[in-house]
Amino acid sequence: MDQALWGVEVKSLDTGRLLYARNARTLMMPASNMKIVTLAAAIDTLGWDYRFKTTLESSAAIEAGVLKGDLIVRGGGDPTINKRDNRAAALFDQWAGALKTAGIRLIDGNVVADASAFERRGLGEGWSWDYLQYGYAAPAAALEFNENTATLTIRPAATPGEDAALELETSTGLGLIHHVVTGAAGSDTHIDIERTSDGAWLDVIGSIAVDAKPVARDVAVANPALYFAHALLKALIERGIEVRGLPVEQRESKNSVPPLPRQVLIESQSPPLREIATVMMKVSQNLYAETLLKAVGASKKGLGTSENGRTAAREIFERWKIPASYVQADGSGLSRYDFVTADMIVTILEHLRGDPAFLATLPIAGRDGTISTRMRATRAEANAIAKTGSIANVRALSGYVRTRDGETLAFSILANNFTIPAATVNWIADLAVETLANHSRR
C-alpha cells in the first residue's frame, strides 16, 4: 500500500473521543459508501414510511368493455416492480384484476409510459463507458421494470465453428452485434459484452463450448420507460385483456393545446422506504440509490433530477453541520467523480446511530449482505455492521462495531489508488475492524 492512500477515522459514540485518524479529512472516492450519504438525505427528506406511487390513467371513456383510447402508466420512481419476491407479477395481477373490475376487457389504444416525474437522463455523472452494458449500471427512471435489466442468453450451435445463438429479451432499446462462435467440446467458455459508443448496440464477443450449458448475463436496458410499457402490455395480454395498440413512451409535447384530463383507474404504492433501503444497503443495489437521489430532488425541488437531489442533500448536511467540502456526482457511488472524507462518513453515522431502521439496513459481518463471508470466527462477527464499497482501485468499509467493553465505535475506512489485489485490501480493512472489536480500555 506504499503508493496508495488510506482515509480512516474511528470515533467512540459513547464518549465522543476520537480514537484514530489517518487522512480523515482528505477527499477520497467512496464507491458504494456514497449510498450512506444518499440514504441519509432520503431519510431526512422522505421519511421511513415513504412509498413510491404508480398509477394507471386514461382520458378515454369505457364503453361496452372497451377503453376507447390509451392506457397511461404514470411512474413515480418505484424501483421494486421486479422479480424480487415476485412483486412485478403480483402487481400486474392486481392491475389486470382492477381493470376488469372497472369493466375493461379491451384497450383500443396504446399502452403509454409516462416517466415525466424524473429527468430523461438516467445514467449517473462520471459513470465509465465500459460498464454501461452491465446490470449494475442500469439507468434510473420514473418507471422501472425488473431493475431496468434484461437477460442476454448465449447458446452453443450444434457444430463447433458455427455462430452461437444469442437471445435478448425484447424492448430493451438495444441491438446485438454477433461475435460469438461455438468452440470444441470441453473448451473454455469466454463471453465479453461491450456497449457501442452510441449506446444502441451490445457487441457480444467470445466463444462457448459446443457441449456447454447456455450462459445468461444481465444487461442494462437503454430505454426504461419503453421497456416498462412493453412489459405491461405483455402482462395485460397474458391476463386476458386485449390491447390493440402498441407500447409507446410519452414524449414532451410542444402542442399548445392542453392535454385532456385523465381519470386515475388504479393507484399502487411501493413497499415503504425502510424495506427499499434494506435491499439497497444489504446487496448494494445501485439503481435503488440513483432512484432515491432523484426522489429526494423531486420532493424538495419538484422534478426528480440528480442535480435537485444533490442540492437538497447539501442543504440537509449544512443543517447537520457537515462541511460542504465533498463532491457528490451520483447516488450510488458508481461514479469516479464522487469524493467524501472519512470524517464526513463518521459524522453521518454518528447522526444516525440512534435510528434503529437505519442500523437494520446495514450488512452484518459474517451473517448477511455484502459482508456475509467476512470477519467470520472473530469478535466482529455478528457484531460489526457496515456498508462496503467497491469500484476499480477503490475499497471502502464504514459502519459500527462494539468493543470488548461494549463501547460503540463508528468507523470509516477508505482505500484509494492501490494496485495490489482488492482481496488483500479488504483483508486489511477487516483486520482493522476485528482489532476494534477486540479493543479494551481496561
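- Here the options are Leu233, Ile104, Ile107, the test is side chain to side chain contact (heavy atoms under 4.5 Å, CB included), and the partner is Leu71; only Ile107 passes.
- Residues forming a side chain to side chain donor-acceptor pair (under 3.5 Å) with Arg74 (at least two apart in sequence, or on another chain): Glu57.
- Among all heavy-atom pairs drawn from Tyr227 and Glu169, the shortest one is OH-OE1, 4.0 Å.
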Which atom pairs, donor and acceptor, lie under 3.5 Å between side-chain atoms of residues 171-183 and protein residues at least two apart or in another chain?
{"unit_1": "Thr172", "atom_1": "OG1", "unit_2": "Leu174", "atom_2": "N", "d": "3.2"}
{"unit_1": "His178", "atom_1": "ND1", "unit_2": "Val180", "atom_2": "N", "d": "3.3"}
{"unit_1": "His178", "atom_1": "NE2", "unit_2": "Ala164", "atom_2": "O", "d": "2.4"}
{"unit_1": "His179", "atom_1": "ND1", "unit_2": "Asp203", "atom_2": "OD1", "d": "2.7"}
{"unit_1": "Thr182", "atom_1": "OG1", "unit_2": "Ala157", "atom_2": "N", "d": "2.9"}
{"unit_1": "Thr182", "atom_1": "OG1", "unit_2": "Glu162", "atom_2": "O", "d": "3.0"}

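- When side chains are defined from C-beta on, Arg379 does not count as touching Glu434, because their heavy atoms never get closer than 4.5 Å.
- In this structure, the salt bridge (Lys or Arg N to Asp or Glu O under 4.0 Å) partners of Glu407, at least two apart in sequence or on a different chain, are Arg441.
- Within the 4.5 Å cutoff, the side chain of Phe92 has heavy atoms near those of the Leu232 side chain.
- Put simply, the side chain of Ser299 never gets that close to the backbone of Ala295: no donor and acceptor are under 3.5 Å apart.
- Aromatic ring pairs are classed by plane angle as parallel below 30°, tilted from 30° to 60° and perpendicular above 60°; the pair Tyr326 and Phe317 is perpendicular.
- Applying the side chain to side chain donor-acceptor pair (under 3.5 Å) rule to Arg274 yields the partners Asp49; only residues at least two apart in sequence or on another chain are considered.
- Atom-to-atom distance recorded for Glu9:CD and Arg25:CZ is 7.5 Å, nearest 0.5 angstrom.
- Within the 6.0 Å centre-distance limit, the rings of Phe52 and Tyr50 are counted as a close aromatic pair.
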Could you check Lys53 against Asp78 for salt bridge (Lys or Arg N to Asp or Glu O under 4.0 Å), going step by step and ending with a plain yes or no? CA-CA 7 Å; Lys53 293 181 181 179; Asp78 184 353; over 6 Å; no

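- In this structure Thr341 satisfies the side-chain contact (heavy atoms from CB on, under 4.5 Å) test together with Leu27, Asp343, Met344, sequence neighbours excluded.
- Under the side chain to side chain donor-acceptor pair (under 3.5 Å) criterion, Glu125 pairs with Arg310, not counting sequence neighbours.
- Residues satisfying the salt bridge (Lys or Arg N to Asp or Glu O under 4.0 Å) criterion with Asp330, sequence neighbours excluded, are absent altogether.
- Under the rule for a side chain to side chain donor-acceptor pair (under 3.5 Å), Asp338 has no partner lying at least two apart in sequence or in another chain.
- A salt bridge (charged side-chain N to carboxylate O under 4.0 Å, His left out) with Glu381 is found for one member of Arg374, Arg402, Arg367, Arg376 and no other, namely Arg367.
- Judged as a side chain to side chain donor-acceptor pair (under 3.5 Å), the pairs with a partner in residues 383-393 (not counting sequence neighbours) are, in order, Ser284-Lys387, Thr370-Thr388, Ser390-Arg395.
- Applying the side chain to side chain donor-acceptor pair (under 3.5 Å) rule to pairs touching residues 411-429 yields Ser398-Ser412, sequence neighbours excluded.
- When only modelled atom types and interatomic distance are considered, Lys35 and Ser32 share a side-chain donor-acceptor pair under 3.5 Å.
- Under the salt bridge (Lys or Arg N to Asp or Glu O under 4.0 Å) criterion, Arg22 pairs with no residue at all, not counting sequence neighbours.
- For the salt bridge (charged side-chain N to carboxylate O under 4.0 Å, His left out) condition, no pair includes a residue of residues 179-194, sequence neighbours left out.
- The backbone N or O of Pro247 lies less than 3.5 Å from no partner atom in the side chain of Asn110, so there is not a single donor-acceptor pair.
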